[in-house]
Amino acid sequence: MTDPAPIVDTPQVVVAREPGVAAGPASANWRRIGVAVIAVALLGSVFLAWRADQRMRNVERELVKRQHDADTRIAEAAVLARQAQDSVRDAAAKVALLQARVDEVAVQRGQFEELIQSLARSRDENVAVDIDAAVRVALQQSALTGSLEPLVATLRQSDERLARINQPRLDPVRRAIARDLERVRGVSLADVPSLVAKLDEVTRLVDDLPLLSASARAEPARRATAVAAPASAASAPAWFGARQVDAVWSFVVDHIWNEAKSLVRVTRIERPEGMLVAPDQSFFLRENLKLRLLNARLALLSRQFDTAQGDLQTVRGALDRYFDRSARRTQHAADLLQQVAQHARQVNLPRPDETLAALATAGVR
């Protein structure tokens with residue numbers, strides 16, 4: 001679009017003539033000057049018009065060039081805008097796809113967390129079930145063996161297993177195990193294997209225990225041997241001299257006196273039945289004691305402490321009645337029987353009820 005050419009005002013020279021005055025040479029000069037001025041003014045006007053036209057042409061060319069550049073840039077801008085729109089459309093599609101994937105990942109994450117929680121919960125439940133089964137088996141073993149070691153070992157292993165898992169949900173179970181473990185350790189049960197070993201030792205000693213009747217018969221012989229030993233020792237060096245004769249005479253007199261005293265002997269007997277045991281009946285007496293000890297042993301192994309106490313009381317009575325209590329073996333056997341009787345007591349086996357209740361609660365959660 002071109003701008004309209006500017007309008008150039010051309011100065012006009014008007015010569016006024018006075019009325020009644022004739023034109024002379026001066027007026028002709030003025031006329032020529034005026035014509036020249038007008039010509040110059042026309043030339044200037046033409047030059048100015050030409051310059052204005054050139055300027056307008058340059059302006060038009062510049063405007064056309066700028067318009068062309070503007071059209072080119074507009075076209076490029078339109079292409080860039082179209083590309084930007086396509087990019088925005090693609091970006092929007094990608095954002096929508098990413099949002100859908102993010103939502104899918106969020107759903108999967110929620111499902112994964114639920115799965116982990118269910119797995120952790122099932123693991124805790126499995127641990128609780130395993131510990132409960134182990135504790136119940138250990139309780140049965142303790143009841144069968146009469147020892148608290150299986151139960152104590154199982155409780156200790158369960159506490160170590162829970163410590164490795166380090167699950168806050170199972171902390172009540174650990175506290176219950178600690179309380180039950182302390183309570184079980186405070187109970188003292190009869191050590192049946194050691195008691196059985198002591199009974200076996202007494203059974204081995206029965207054949208060597210001296211009977212009361214045999215000790216009474218052997219007493220005069222021991223005295224005679226004790227008297228004969230110095231006399232024989234005195235007569236051993238030589239059989240000449242007054243001392244040797246006196247020693248021999250003393251030995252003969254003592255021997256005759258001992259033989260005379262052995263014909264009649266008075267002994268205080270508190271239990272006559274012990275002295276009336278014949279030598280051939282000692283075998284049956286010892287075998288009867290062995291059977292009593294065997295019954296007491298079986299009663300201890302079967303946790304029938306009342307029956308074991310009755311058999312032990314019978315054996316101790318037989319030792320006091322038929323055997324020599326002054327003998328060292330008899331005293332040792334009596335001490336062993338007393339120790340067994342003191343420790344063979346019925347004690348209620350402690351139950352880990354708090355642990356079982358805490359395990360049941362942990363398995364229900």
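Position 1 is the first residue of the sequence, and the numbers go up from there.
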Is any side-chain heavy atom of R161 closer than 4.5 Å to a side-chain heavy atom of R164? yes
Looking only at heavy atoms, the pair that brings A358 and P172 closest together is CB-O, 4.1 Å
Do the charged groups of R57 and E60 touch, with an N to O distance under 4.0 Å? no
Between V184 and P352, is there a side-chain heavy-atom distance shorter than 4.5 Å? no
With a 4.5 Å heavy-atom cut-off, do I177 and E354 have their side chains touching? no
Report yes if the side chains of R286 and L209 come closer than 4.5 Å at any heavy-atom pair, otherwise no. yes
Side chains of V107 and F112: closer than 4.5 Å at any heavy-atom pair? no
Looking at R351 and D180, is there a salt bridge between them, counting it only when a charged N and a carboxylate O are closer than 4.0 Å? no
If you round to the nearest 0.5 Å, how far is CG of L48 from CG of D53? 12.5 Å
Residues passing the salt bridge (Lys or Arg N to Asp or Glu O under 4.0 Å) test with D171, sequence neighbours excluded, are none
What's the verdict on side chain to side chain donor-acceptor pair (under 3.5 Å) for N58 and E62, showing C-alpha distance, side-chain angles and the deciding distance? CA-CA 6 Å; N58 292 332; E62 186 68 22; over 6 Å; no
As an exercise, state the distance from CG of D311 to CG of L300, rounded to the nearest 0.5 Å. 9.0 Å
Should E160 and R156 be marked as a salt bridge (charged side-chain N to carboxylate O under 4.0 Å, His left out) after you check the CA-CA gap, both sets of side-chain angles, and the distance that decides it? CA-CA 6 Å; E160 293 176 356; R156 189 184 299 111; 5.6 Å; no
Tightest non-hydrogen contact, residues A296 and L312, listed as CB-CD2, 4.1 Å
Using a 4.5 Å cut-off on heavy atoms from C-beta on, say whether the side chain of H332 contacts that of E201. yes
Just so I know, are the side chains of T355 and R179 near enough to count as touching, which here means a heavy-atom distance under 4.5 Å? no
What heavy-atom pair brings S158 and I131 nearest, and what distance separates the two atoms? OG-CG2, 3.5 Å
Does the distance from a Lys or Arg side-chain N to an Asp or Glu carboxylate O, for D69 and R66, drop under 4.0 Å? no
Before accepting this row, confirm whether a basic side-chain N of the pair D159/R174 lies closer than 4.0 Å to the acidic partner's carboxylate O. yes
Are any of the side-chain nitrogens in D200 or R204 under 4.0 Å away from the carboxylate oxygens of its partner? no
Closest non-hydrogen atoms of Q309 and A341, given as atom of the first, atom of the second and distance, are NE2-O, 2.8 Å
Between the side chains of Q339 and D335, is a donor N or O closer than 3.5 angstrom to an acceptor N or O? no
